[in-house]
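All values below come from the heavy atoms of this structure, side chains included, with hydrogens, waters and symmetry mates left out. Each residue takes its place number in the sequence, starting with 1.
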Amino acid sequence: MLSAVVRSALTNHRGLWSPAQSAVRAMSSSAGPTSPYTTLSISQPAENITHVELHRPEKLNAMNKAFWSEMVDCFNEITADPDCRVVLVSAAGKIFTAGIDLMDIASDILQPQGDDVARVSWNLRRIIAKYQETFSVIEKCPKPVVVAVHGACIGGGVDLITACDIRLCSQDSWFQVKEVDIGLAADVGTLQRLPKVIGSRSLVNELALTARKMYADEAKSSGLVSRVFADKAAMMTGALELAGEIAARSPVAVQGTKVNLIYSRDHSVADGLHYMATWNMSMLQTQDVMKAAQAAMEKKSPRTVAFSKL
């Protein structure tokens with residue numbers, strides 16, 4: 001069924017690479033989560049690309065207790081995997097995610113342990129910090145993370161995608177900072193990262209304070225996503241093409257670029273330049289510079305260069 005959908009989509013997207021087409025055909029959600037995870041399905045659709053799929057389709061990919069720890073374990077493994085150069089995140093089922101599974105994690109949030117206010121607060125702070133790490137680990141991962149959103153992306157979903165490096169969506173997507181509707185301020189990344197993603201502080205405030213839905217076209221115009229695709233099949237093909245472009249470059253250059261982009265986002269220009277100089281005083285000594293330069297002089301694609309693992 002997926003192959004038929006992809007072939008139909010590609011009729012209107014003839015410019016896409018055949019390797020990406022083949023990889024999409026090979027990707028299937030039917031097998032379910034990959035061990036040892038219960039909420040995630042992990043695959044390698046193409047060389048040097050790791051696909052992390054949210055996989056609780058029967059629960060609209062709501063984020064239960066297992067998800068919050070499995071994402072940390074998954075991205076820690078990806079960080080240490082020398083065969084992975086880029087990560088693609090997507091979701092199985094009808095939508096990207098319905099956000100936090102309140103029924104599953106209610107006991108953590110609403111009934112924290114402790115003998116008095118100080119101890120209850122201390123334990124609640126520890127729980128919140130643990131949940132924050134679920135998405136911070138994506139940002140800390142030196143491998144670029146491309147996220148592909150279809151359908152609804154609600155609450156915790158916005159926290160997740162704002163921690164990713166490149167955001168794509170399908171035309172049917174919509175985004176919602178839902179937390180004020182359930183009586184709390186978003187506390188695992190949206191209020192900190194969304195203002196750095198979207199240029200308009202007024203728009204961020206509006207979304208966070210009203211919990212209104214933002215649809216695909218507005219998400220594109222505001223800068224939340226960089227591309228909008230006709231449907232999920234076309235989006236996944238485009239996402240794999242993009243991931244392949246990144247994976248073809250020097251991992252020293254790509255990972256160094258991500259690290260310095262994030263550092264510069266949070267520091268002054270002068271601090272960023274100082275950090276960059278310190279970074280490249282060693283990284284410029286890589287053999288990758290000469291390999292890439294030689295390929296460029298010979299007018300060859302970066303895909304022809306055999307870069308060492310990192």
Side-chain angles (χ1 to χ4, degrees), residues 1-30 40-41 43-46 48-55 57 60-61 85-99 138 143-154 156-177 194 197-199 203 207 213-249:
M1 178 63 182
L2 180 58
S3 297
V5 173
V6 173
R7 281 196 297 272
S8 175
L10 292 178
T11 300
N12 298 320
H13 297 271
R14 298 182 182 276
L16 298 175
W17 294 355
S18 58
Q21 297 171 20
S22 300
V24 170
R25 293 190 187 104
M27 293 166 66
S28 173
S29 302
S30 60
L40 306 172
S41 181
S43 62
Q44 284 71 43
N48 302 130
I49 298 173
T50 298
H51 180 212
V52 178
E53 184 181 50
L54 311 190
H55 207 290
L60 301 179
N61 298 315
R85 295 185 184 177
V86 61
V87 185
L88 172 59
V89 176
S90 70
K94 296 180 179 179
I95 68 171
F96 186 75
T97 180
I138 298 173
K143 286 75 184 284
V145 181
V146 179
V147 63
V149 179
H150 74 286
C153 178
I154 301 170
V158 179
D159 295 291
L160 190 162
I161 68 169
T162 52
C164 298
D165 302 296
I166 299 173
R167 290 166 294 277
L168 313 174
C169 77
S170 56
Q171 189 64 56
D172 68 345
S173 297
W174 53 273
F175 306 83
Q176 186 176 27
V177 184
L194 191 58
V197 170
I198 294 179
L203 177 57
L207 295 171
K213 297 176 182 178
M214 170 187 275
Y215 293 93
D217 289 342
E218 185 181 7
K220 171 70 162 55
S221 65
S222 69
L224 179 59
V225 301
S226 53
R227 292 182 66 184
V228 178
F229 294 83
D231 52 37
K232 183 181 179 181
M235 175 183 66
M236 292 305 298
T237 302
L240 279 166
E241 177 185 7
L242 176 59
E245 288 274 12
I246 296 170
R249 269 64 184 180

For a 4.5 angstrom cut-off between non-hydrogen side-chain atoms, does [X] reach [Y]?
| X | Y | answer |
| --- | --- | --- |
| Ile154 | Lys213 | no |
| Val177 | Leu194 | yes |
| Ile166 | Ser226 | yes |
| Ile49 | Arg85 | no |
| Ser90 | Val147 | no |
| Phe175 | Val225 | yes |
| Leu224 | Met214 | yes |
| Pro45 | Leu240 | yes |

Which one of Val86, Leu88, Val87 satisfies the side chain to side chain contact (heavy atoms under 4.5 Å, CB included) criterion with Ile246?
Val86

Result of checking Leu54, Asn61, Leu60 against Phe96 for side chain to side chain contact (heavy atoms under 4.5 Å, CB included):
Leu54

Rounded to the nearest 0.5 Å, what separates atom OG in Ser222 from atom CG in Leu203?
5.5 Å

Rounded to the nearest 0.5 Å, how far does CG of Leu242 lie from CG of Leu168?
6.0 Å

Between [X] (side chain only) and [Y] (backbone N and O only), is there a donor and an acceptor less than 3.5 Å apart?
| X | Y | value |
| --- | --- | --- |
| His150 | Gln171 | no |
| Ser173 | Val149 | yes |
| Asp165 | Val145 | yes |
| Asn48 | Ala247 | no |
| Thr162 | Val158 | yes |

Before you tell me yes or no, could you show the steps for Arg167 and Val197 under side-chain contact (heavy atoms from CB on, under 4.5 Å), namely the whole-Å CA-CA distance, both residues' side-chain angles and the distance that decides it to 0.1 Å?
CA-CA 10 Å; Arg167 290 166 294 277; Val197 170; 3.1 Å; yes

